[in-house]
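Everything on this sheet refers to the single structure shown next.
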Amino acid sequence: MSTFITGPPINAASLRASWTEVEKLGDEAARIFYSLLFAAEPATRSMFPAGMTEQRDKLLSALGHIISNVDDTNLLADFAAQLGRDHRRFGVVAHHYKAVGNALMETLRRALGRHWTPELETEWQRAYDLIAAMMVDGARADEQVNPPAWRGTIEHIDRRSPDLAALTVAVDLPYHFMPGQSCAVEHPSRPGVWRYLTPINPPRDDNRLGFLVRAVPGGLLSPALVYQAKPGDLLRIGAPVGTALTGWHRDPGPVLFIAGGTGLAPFAAVIQHLATDPTWRWPVTLIYGVDQPHELREVNALRELERHLPWLTIVPVVSRDPDWTGYRGTAVEVAVRGGEFHDRYVYLCGSEAMIGGSIAMLLANGYSRRQIRVETFTSTSYPPLAPLALPSGVTS
């Protein structure tokens, strides 16, 4: 990536020190930035939701992630390229980057006051130019093979419970993704609001995607999908993102999937994909935890595959039904009681609380941080930013 850099290396220490001061302003810094951007480029306002609170949080998270890794060129290049690809769905094009850069520089100048020196301005400008170049290159490369966003039509909605729905969506163009990846979805009732959902199936020839959606209290999009969406509604779907839950492809070997609730989706997609791969021979164990037995509908379908695949073991776990005769507790409790998975990569997916608690229990029971794989995004407007406070060394 050295082709992006001219002159001496960027002074990462000075950028981090100044960013620490900017972070003290919290939401005010993001408010200043967006006010400046919308004043300079009014058309960009329509790229964002009406309510900007969450968006301001994501801006600060993205900038913090970039500054934290500004001297790790390979990591930064991957992240920036994904940002560039992902921002195509908002309608961002190359000329917008100049306005964004100007707004950022002015925000920093106001935030840092007398500490905003010509030398520091030069370092920030060089860093921004680097990121912008990487984002533009990522977007341009994506333009050669993908649209800015795909159009999906909701064909069927199966409301499984008061807060859970299964959606079947027909996509207008081929949608190529790796099982375990997610995609940002927008519903017309919430323009500018995107939530990452994970297909519960691998890529299909008929371009259909299945999603499990639980209405999160206070959520900006999931309640609309569960309670208001109807067949015929059009969705916008962003490019697939995420790498942590596709590690089975990069590092094949014995794996343990631990899932809760709608966190079953990526692992269901992976298992269905592996079922069609005659070369796969590694043991795969899925431990799936729910509150009540009636929530096991999706995993019961996977148990049909288990009968024909000697490498697959499905373990349903129920936590709240006293009449359940199978494994009881949480999925991770059953996993550590089994005590036979220390030689495996462990993949986690579920709520933030479930993931945090599972990581803590795994580490307390002798599992290595390097074994754990977790994708750390929920409803962000950006690709994964590692927002969870993961223990040092946990791969995300």
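Numbering starts at 1 and runs along the sequence shown. Scope of the values below: all heavy atoms of this structure, side chains included, with no hydrogens, waters or symmetry mates.
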Check: [X]/[Y] side-chain N/O donor and acceptor closer than 3.5 Å:
X	Y	result
Thr20	Arg16	no
Ser222	Arg214	no
Asp129	Gln125	yes

Would a hydrophobic clustering, with Ile, Leu, Val, Met, Phe, Trp and Tyr connected at side-chain separations under 4.5 Å, put [X] with [Y]?
X	Y	result
Ile157	Ile200	no
Leu234	Val226	no
Phe341	Leu274	no
Met354	Tyr327	yes
Val185	Leu164	no

Inset, instruction - Show the numbers, then the answer: is there a side chain to side chain contact (heavy atoms under 4.5 Å, CB included) between Asp172 and Asn207? - result: CA-CA 7 Å; Asp172 63 338; Asn207 293 326; over 6 Å; no

Looking at [X] and [Y], would you say the former's side chain and the latter's main chain have a donor-acceptor pair under 3.5 Å?
X	Y	value
Gln272	Phe267	no
Glu155	Thr168	no
His96	Val93	yes
Trp280	Trp282	yes
Gln371	His342	yes
Asp158	Leu167	no
Arg110	Ile32	no
Gln181	Met178	yes
Trp116	Met105	no

When rounded to the nearest 0.5 angstrom, what is the spacing between [atom1] in [X] and [atom2] in [Y]?
X	Y	atom1	atom2	result
Thr243	Arg373	OG1	CZ	10.0 Å
Leu235	Thr153	CG	OG1	8.0 Å
Ile131	Ile67	CD1	CD1	7.5 Å
Thr325	Asp323	OG1	CG	9.0 Å
Tyr128	Leu108	OH	CG	11.5 Å
Leu305	Leu312	CG	CG	7.0 Å

Inset, instruction - Run the numbers on Glu143 and Arg140 for salt bridge (charged side-chain N to carboxylate O under 4.0 Å, His left out), then give the verdict. - result: CA-CA 5 Å; Glu143 286 174 6; Arg140 285 175 175 165; 6.0 Å; no

Salt-bridge criterion met for [X] and [Y] (N-O under 4.0 Å):
X	Y	value
Asp142	Arg89	no
Arg160	Glu295	no
Glu186	Arg190	no
Asp233	Lys230	yes

Closest non-hydrogen atom pair, [X] against [Y]:
X	Y	result
Ser368	Ile372	O-CG1, 3.7 Å
Val241	Gln82	CG1-NE2, 3.1 Å
Leu15	Ala127	CD1-CB, 3.7 Å
Ile355	Gly350	CD1-O, 3.7 Å
Ala244	Glu375	N-OE1, 3.1 Å
Glu123	Ser14	CG-OG, 4.1 Å

Inset, instruction - Show the numbers, then the answer: is there a side chain to side chain contact (heavy atoms under 4.5 Å, CB included) between Phe211 and Ser182? - result: CA-CA 10 Å; Phe211 297 113; Ser182 299; over 6 Å; no

Do the side chains of [Y] and [X] get nearer than 4.5 Å, heavy atoms only?
X	Y	value
Phe177	Pro199	yes
Thr44	Tyr34	no
Leu302	Glu298	no
Leu362	Leu348	yes
Leu286	Leu264	yes
Arg281	Trp311	no
Glu333	Arg328	no
Val317	Thr330	no

Inset, instruction - Run through Ile271, Ile287, Thr285, Leu245 and flag the one making a side chain to side chain contact (heavy atoms under 4.5 Å, CB included) with Phe257. - result: Ile271

Using the ring of each side chain (for Trp, its six-membered ring), is [X] parallel, tilted or perpendicular to [Y], with breaks at 30° and 60°?
X	Y	value
His273	Trp248	tilted
Trp19	Trp124	tilted
Tyr345	Tyr347	perpendicular

Inset, instruction - Apply side chain to side chain contact (heavy atoms under 4.5 Å, CB included) to the pair Leu197 and Val213, showing each step before the final yes or no. - result: CA-CA 8 Å; Leu197 302 177; Val213 185; 4.1 Å; yes

Can you confirm whether more than 12 heavy atoms, excluding those of [X], are under 6.0 Å from its [atom1] atom?
X	atom1	result
Asp205	CG	no
Arg250	CZ	yes
His249	NE2	no

Inset, instruction - Take Arg85 and Asn146 through the side chain to side chain contact (heavy atoms under 4.5 Å, CB included) test and state the conclusion after the steps. - result: CA-CA 9 Å; Arg85 291 190 292 269; Asn146 290 319; over 6 Å; no

Legend entry - Ring center gap for His187 and Trp194 short of 6.0 angstrom: no

Legend entry - Residues forming a side-chain hydrogen bond (donor to acceptor under 3.5 Å, both in side chains) with Arg151, sequence neighbours excluded: none

